[in-house]
Amino acid sequence: MSLKRVLIVNKMFPSAGLELLKKELETTVLPILDYEADSLATIKAKISAGFDGLIWNTKHRLTGEILDLAGSRLKAVTTNASGIDHIDTDELKKRNLPLGNTPSVLDNAVADIAIGLMIGAARRFKEGVKEIETGEWKSGVQWCLGQDIANSTVGIVGLGGIGQAVVRRLKGFDVAKFIYSGRTDKKEAKDLGASRVPFPQLLKESDFVILCCPLTNETKHIINADNLGIMKKTSVLVNIGRGGLVDQAALYNALKSGEIFAAGLDVTTPEPLNKDDPIVSLPNCYIIPHMGSATVETRNAMAKISAENILLALKGKPMMCPIPL
């Protein structure tokens, strides 16, 4: 009896997960990267060869068209990420295909990045480093003054695993108050000392607004021109969720005009962000290239969960990390 087959659509898949798959499945890894011009065409051409499992480790959207190409042989799909905004879940549900992801394991790594962006943006690292690199280091008691985290109000938009990890880290920074917004109360909030408030109130009161929520139809452009207008002029916005949470043109205008103090972004629209995008030039916008989960340990753990999701599903068992559809 021939082995079941799994397709991994991007060659940047850690060997920790690959080794698990190869023990039980015929494993195909496409020798492509997301940003190569023909990558999506290559995926479409190859997926029609017939696979039982699919690891969708790409930023391309998994659509009904691609699932049609995969055909009825396909029995399980997993991402190699926490977010599923690049998956047409309605199309999977229509075909009764289970979907998995890799949540929780990346919470600490992403929370670390959030703290780094908070400090970097609030303390004007981008401007300071540029002055060193250009030989224009000015110094002086009024030079490059930033915002304090101590005694501040921190607003978390989405108090899930990552949001909670951010609050735990900030406990040592003498934050005065933690508030959060979301659809429901979080039982963990009491132990964290965080209070749930309406989103407009969070924007109005927070010195730091940290976006930790998933990208959905409801959260797209949750930060827009109107909501930026509610925020304090001294506030700092941090986005470690998805670029689509923010209306980037509106953010550019708010930063340029001084409507808010600064922003720290791990995610943008699009990705990769063009070096000539206007927001890149702003001294008060500290951008890093989607590095949230980029540690060796975290990426290996994510690959192992992806592999286990497929292996379990192809044995007719529940995935390690299933997404309810």
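Checking side-chain atoms of Arg169 against main-chain N and O of Ile115 turns up no donor-acceptor pair under 3.5 Å. Although no hydrogens or angles enter the test, the distance criterion places no donor-acceptor pair under 3.5 Å between the side chain of Ser306 and the main chain of Ile55. Looking only at distances, a side-chain donor or acceptor of Thr102 sits under 3.5 Å from a matching main-chain atom of Ala81. Under the 3.5 Å distance criterion, the side-chain polar atoms of Ser39 are left unmatched by any main-chain donor or acceptor of Tyr35. Listed for the Thr219 side chain is a donor-acceptor partner under 3.5 Å among the backbone atoms of Pro214. Judged by distance alone, with hydrogens and angles left aside, the side-chain atoms of Glu91 form no donor-acceptor pair with the main-chain N or O of Thr63 at under 3.5 Å. Lys177 contributes no side-chain N or O that, together with a main-chain N or O of Gly193, makes up a donor-acceptor pair within less than 3.5 Å. Thr78 places a side-chain N or O within donor-acceptor distance of the main-chain N or O of Gly100, the cut-off being under 3.5 Å. A donor-acceptor pair under 3.5 Å links the side-chain atoms of Asn284 to the main chain of Phe261, judged by distance alone. Of the possible polar contacts, none joining the Asn309 side chain to the Met319 backbone as a donor-acceptor pair under 3.5 Å is found.
Within 6.0 Å of the CG atom in Asn274, the count of heavy atoms belonging to other residues, nucleotides or ligands exceeds 12. More than 12 heavy-atom neighbours from other residues, nucleotides or ligands sit within 6.0 angstrom of NZ on Lys315. More than 12 heavy atoms of other residues, nucleotides or ligands shown are found within 6.0 angstrom of CH2 on Trp143. No more than 12 heavy atoms of other residues, nucleotides or ligands shown are found within 6.0 angstrom of NZ on Lys22. The number of heavy atoms from other shown groups lying within 6.0 Å of CZ (Arg299) is above 12.
When side chains are defined from C-beta on, Val246 does not count as touching His221, because their heavy atoms never get closer than 4.5 Å. The shortest side-chain heavy-atom distance between Tyr286 and Ile119 does not fall under the 4.5 Å cut-off. Between Ile223 and Asp247, the closest side-chain pair of non-hydrogen atoms is not below 4.5 Å. The shortest side-chain heavy-atom distance between Lys11 and Ile32 does not fall under the 4.5 Å cut-off. Ile287 is not listed as a side-chain neighbour of Lys126, based on a closest heavy-atom distance of 4.5 Å or more. Inter-residue side-chain proximity for Leu62 and Val77 is flagged as met; some heavy-atom pair is nearer than 4.5 Å. The shortest side-chain heavy-atom distance between Leu99 and Thr89 falls under the 4.5 Å cut-off. Side-chain contact between Val29 and Met12 is absent, with no heavy atoms from C-beta onward closer than 4.5 Å.
A donor and an acceptor atom, one from each side chain of Thr295 and Glu297, are nowhere located under 3.5 Å apart. A donor atom on one side chain and an acceptor atom on the other are not found under 3.5 Å apart for Ser181 and Arg196.
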Requested in this report: Tell me, with the steps shown, if Ile179 and Val154 meet side chain to side chain contact (heavy atoms under 4.5 Å, CB included).
Outcome: CA-CA 6 Å; Ile179 55 179; Val154 174; over 6 Å; no
Requested in this report: For side chain to side chain contact (heavy atoms under 4.5 Å, CB included), just list the numbers for Ile210 and Val157, CA-CA rounded to whole Å, side-chain angles, deciding distance to a tenth of an Å, and then say yes or no.
Outcome: CA-CA 6 Å; Ile210 306 177; Val157 182; over 6 Å; no
Query raised in the report: Given Leu25 and Leu3, is the side chain to side chain contact (heavy atoms under 4.5 Å, CB included) satisfied, shown in steps?
Result: CA-CA 6 Å; Leu25 304 175; Leu3 291 174; 5.8 Å; no
Query - Candidate pair Lys93 and Asp88, rule salt bridge (Lys or Arg N to Asp or Glu O under 4.0 Å), full reasoning - result: CA-CA 9 Å; Lys93 185 176 182 179; Asp88 190 330; over 6 Å; no
Query raised in the report: Would Ile240 and Leu211 count as a side chain to side chain contact (heavy atoms under 4.5 Å, CB included) if you check the C-alpha gap in whole Å, the side-chain angles of each, and the deciding distance to 0.1 Å?
Result: CA-CA 6 Å; Ile240 43 85; Leu211 304 181; over 6 Å; no
Query - salt bridge (Lys or Arg N to Asp or Glu O under 4.0 Å) between Glu127 and Arg124, intermediate numbers included - result: CA-CA 6 Å; Glu127 295 169 79; Arg124 300 170 65 175; 2.9 Å; yes
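Pairs passing the salt bridge (charged side-chain N to carboxylate O under 4.0 Å, His left out) check and including a residue from residues 30-48, sequence neighbours excluded, read Lys44-Glu65.
Connection of Val6 to Leu74 is not established within any shared hydrophobic cluster, with ILVMFWY side chains joined at heavy-atom distances below 4.5 Å, either directly or through further cluster members. Both Leu106 and Val238 are assigned to one and the same hydrophobic cluster, defined by single-linkage of ILVMFWY side chains at heavy-atom distances under 4.5 Å. Ile230 and Tyr180 end up in different hydrophobic clusters when Ile, Leu, Val, Met, Phe, Trp and Tyr side chains are linked at under 4.5 Å. Taking hydrophobic clusters as Ile, Leu, Val, Met, Phe, Trp and Tyr residues chained together by side-chain heavy-atom distances below 4.5 Å, Ile323 does not share a cluster with Leu215. Under the 4.5 Å side-chain heavy-atom criterion for ILVMFWY residues, a single connected hydrophobic cluster contains both Phe173 and Ile156.
Lys171 is linked by a side chain to side chain contact (heavy atoms under 4.5 Å, CB included) to Val167, Phe178, counting only residues two or more places apart in sequence or in another chain. Applying the side chain to side chain contact (heavy atoms under 4.5 Å, CB included) criterion to Lys75, with sequence neighbours excluded, gives Leu314.
Considering all non-hydrogen atoms of both residues, Phe208 and Ala122 come closest at CE2-CB, 3.7 Å. The minimum heavy-atom distance linking Asp85 with Arg242 is given by the pair OD1-NE, 3.0 Å. Of all heavy-atom pairs between Asn80 and Pro14, the closest is ND2-CD, 4.5 Å. Taking each heavy atom of Leu18 and Phe13 in turn, the nearest pair found is N-CE2, 3.6 Å. A pairwise comparison of heavy atoms in Gly128 and Cys144 identifies N-SG, 4.3 Å as the closest pair. Pairing each heavy atom of Asn101 with each of Ile84, the nearest pair is CB-CG2, 4.3 Å.
Residue Leu312 holds its CG atom at 11.5 Å from CD1 of Ile305, rounded to the nearest 0.5 Å. How far CG of Asp112 is from CG of Leu117: 11.0 Å, rounded to the nearest 0.5 Å. Leu7 CG to Phe51 CZ: the interatomic distance, rounded to the nearest 0.5 Å, is 4.5 Å. Note that the SG atom of Cys212 and the CG atom of Asp107 stand 9.5 Å from one another [nearest 0.5 Å]. Note that CG of Leu245 and SG of Cys213 are 4.5 Å apart. Values are rounded to the nearest 0.5 Å. Here Gln248 contributes atom CD and Ile279 contributes atom CD1; the two are 4.5 Å apart, rounded to the nearest 0.5 Å.
Applying the side-chain contact (heavy atoms from CB on, under 4.5 Å) test between Cys285 and each of Leu265, Leu237, Val280 identifies Leu265 as the sole match. For the side-chain contact (heavy atoms from CB on, under 4.5 Å) criterion with Ile8, the lone passing option out of Thr58, Leu54, Thr27 is Thr27.
Remark: Lys59 engages Glu271 in a salt bridge, criterion side-chain N to carboxylate O under 4.0 Å. At a threshold of 4.0 Å, the pair Lys138-Glu131 counts as salt-bridged, since one of the basic side-chain nitrogens sits closer than that to a carboxylate oxygen.
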